[in-house]
Amino acid sequence: MAAPMEVAVCTDSAAQLWSCVVWELHSGANLLTYRGGQAGPRGLALLNGEYLLAAQLGKNYICAWELQRKDQLQQKIMCPGPVTCLTTSPNGLYVLAGISENIYLWEVSTGNLLVILSRHYQDVSCLQFTGDSSHFISGGKDCLVLAWSLYSVLQADPSRTPAPRHVWSRHTLPITDLHCGFGGPLARVATASLDQTVKLWEVSSGELLLSVLFDVGILAVTMDLAEHYMFCGGSDGSIFQVDLCTWPGQREKSFQPEQEHGKVFRGHRNQVTCLSVSTDGSVLLSGSHDETVRLWDVQSQQCLRTVTLKGPVTNAYIMLAPVSMLSSDFRPGLPLPHFNKHLLGAEHGDEPHRGGLMLRLGLHQQNVLGGQDQLRIRVTELEDEVRNLRKINRDLFDFSTRIITHPTK
């Protein structure tokens, strides 16, 4: 069996030749291109290994492509306003979008808008689920980072607006990026801000584990899978590597480039907007407003490859290529449904968070109960079919036995 292929997925704000390009990480060979719009920052997401979603820059819709239908726009998901950030749950069941200061949560199987969360006071700038889809994290221009329990959001008391599990308010300027590590509800979350700090939080307790102060504003942050290193992209084009294993015990520390020899990647001429690390932690991918995507060797801090795009890079990350991306005859198991722009019941004048949420929960329960009833009916039908097959088998066996034991003379 061939080893999984790692690919780089990139977009720029110009989108002159394509909206999104996928290239093989180590050879640099272009594998796929997608056309049909301009993806905004933090606006690119893979849905269930079957669809590529791109929130359009400054527009109120999301483009969706089947991974193998490169030039054919599969669907436009219309939204109530311009989408500022976008993510999908790893289990493929939900889509999250930031629209102004609100967070919209859709259910993929039905297209229903389940809830609108309004706990930020300014635009939501970044969203990400934990690896097990149990929690999601939101960051905004209001300097707040909110940790949400998906279960609590979906099962919230209809009479009250859902509340986040944690409110992290230690940043003093807008949040620019965040990264969730592994561990589900035990994961650690890194948050970057224009206040020149990157902070590391624990989802389970909500505690601040580490705060690192830099000389410049930080626009991108990521960690390797083992969480040995944290990489921070600066507004001056530098990328700082923070060793989380040898860092001193204090929670707050200044990063001194002159004392951190060999832990600064230099090469970009403008602010770094995107960072991603390969599965084995040996390669770092970075995107910048200088219209280049660079591939770095983590150990030596040397640039391995530079790819020049046609505009400032808005998204760049590394992922393992799903089978659907490499197989020319693959088709999604189910088509994307129509995504609703309004909460169920809200179009009838109900207050969005209360009446709409109450009706949504009621219909969601009805859907669940209806699904259970359909399942019982289907099971009954299958049991009847099994009984009929058993009767037919018995009749065939009896007939064969009579033929063998009493042959016709």
Side-chain angles (χ1 to χ4, degrees), residues 11 13 15 19 36-47 51-65 73 75-89 93-108 110-129 133 135-148 150 153-154 156 161-164 167 174-178 180 191 273 314-315 336-347 349-357 359-360:
T11 65
S13 60
S19 301
Q38 299 168 285
R42 315 281 181 259
L44 195 67
L46 185 68
L47 177 60
Y51 294 93
L52 186 66
L53 306 183
Q56 297 304 290
L57 186 63
K59 298 181 180 179
N60 63 336
Y61 63 89
I62 300 169
C63 287
W65 295 274
L73 187 62
Q75 184 174 330
K76 284 185 178 181
I77 301 174
M78 303 306 298
C79 300
V83 179
T84 56
C85 53
L86 176 72
T87 191
T88 59
S89 61
L93 299 181
Y94 302 99
V95 172
L96 271 178
I99 301 176
S100 297
E101 70 276 8
N102 301 317
I103 301 171
Y104 286 66
L105 175 64
W106 283 279
E107 185 178 43
V108 173
T110 62
N112 288 338
L113 178 58
L114 300 182
V115 67
I116 302 173
L117 303 172
S118 301
R119 291 300 295 264
H120 283 282
Y121 303 102
Q122 295 185 40
D123 289 356
V124 181
S125 54
C126 41
L127 290 165
Q128 191 171 354
F129 274 93
S133 304
H135 292 72
F136 59 90
I137 315 297
S138 62
K141 293 183 178 180
D142 55 4
C143 315
L144 295 179
V145 180
L146 308 181
W148 304 83
L150 181 61
V153 167
L154 295 178
T161 301
V167 177
I175 309 300
T176 54
D177 195 14
L178 59 85
C180 290
T191 58
T273 55
T314 52
N315 297 276
L336 278 179
H338 170 74
F339 278 57
N340 297 321
K341 293 172 59 177
H342 304 286
L343 285 168
L344 296 177
E347 62 269 23
D350 294 338
E351 197 275 325
H353 290 292
R354 295 191 180 183
L357 182 60
L359 181 58
R360 190 269 300 170

Considering all heavy atoms, the nearest S125-I175 contact
OG-O, 2.7 Å
Side chains of T161 and S118, heavy atoms from C-beta outward: is any pair under 4.5 Å?
no
Does the side chain of L57 reach to within under 4.5 Å of the side chain of P41, using non-hydrogen atoms?
yes
Side chains of R119 and W148 in contact at under 4.5 Å (non-hydrogen atoms)
yes
Please check: side-chain N/O of T11 versus main-chain N/O of N315, any donor-acceptor pairing under 3.5 Å?
yes
CG/L53 to CG/L46 distance, rounded to the nearest 0.5 angstrom?
8.0 Å
Report, as yes or no, whether the 6.0 Å neighbourhood of atom NZ on K59 holds more than 12 heavy atoms from other residues, nucleotides or ligands.
no
Using atom types as modelled and distance alone, determine if a side-chain donor or acceptor of T88 lies under 3.5 Å from a backbone N or O of A45.
no
Whether Q56 side chain and Q38 backbone form a donor-acceptor pair below 3.5 Å:
yes
Gap separating the CD1 atom of I99 from the SG atom of C85, nearest 0.5 angstrom:
9.5 Å
Got a second to check how far Y104's OH is from L343's CG, nearest 0.5 Å?
8.0 Å
Considering all heavy atoms, the nearest G98-L127 contact:
N-CD1, 3.5 Å
Output, in order, the C-alpha distance, side-chain angles, deciding distance and verdict of side chain to side chain contact (heavy atoms under 4.5 Å, CB included) for T273 and T314.
CA-CA 7 Å; T273 55; T314 52; over 6 Å; no
To the nearest 0.5 Å, how far apart are CG in L146 and CG in L117?
9.5 Å
If I compare all heavy atoms of P337 with all of G111, which pair ends up nearest, and what's the gap?
CG-N, 3.5 Å
Please answer whether the main-chain N or O of L96 pairs with a side-chain N or O of T87 as donor and acceptor at a distance below 3.5 Å.
no
For the student: nearest non-hydrogen atoms of V83 and A55, plus distance:
CG1-CB, 3.5 Å
Starting at CG of N102, measure out to CG of D123 and round the result to the nearest 0.5 Å.
9.5 Å
If you compare all heavy atoms of Y61 against all heavy atoms of M78, which two are closest, and at what distance to 0.1 Å?
CB-SD, 3.7 Å
What distance separates Q122 CD from S100 OG, expressed to the nearest 0.5 Å?
11.5 Å
Counting N and O atoms only, with roles assigned by atom type, does the side chain of E101 sit under 3.5 Å from a partner on the main chain of K141, one being a donor and the other an acceptor?
no
Considering only heavy atoms from C-beta outward, does the side chain of Y94 approach that of F129 to under 4.5 Å?
yes
Looking at S89 and S133, would you say the former's side chain and the latter's main chain have a donor-acceptor pair under 3.5 Å?
no
May I ask you to test the C180-I137 pair for a side-chain heavy-atom distance under 4.5 Å?
yes
With the side chain counted from C-beta on, respond yes when L150 and L105 share a heavy-atom pair under 4.5 Å apart, and no when they do not.
yes
So, R42 side chain and T176 main chain: donor-acceptor pair closer than 3.5 Å or not?
yes
Kindly give the heavy-atom pair with the smallest separation between P80 and K341, and that separation in Å.
CG-O, 3.5 Å
With the side chain counted from C-beta on, respond yes when V95 and I77 share a heavy-atom pair under 4.5 Å apart, and no when they do not.
no
Among L113, V108, N112, find the residue that satisfies the side-chain contact (heavy atoms from CB on, under 4.5 Å) test when tested with T110.
N112
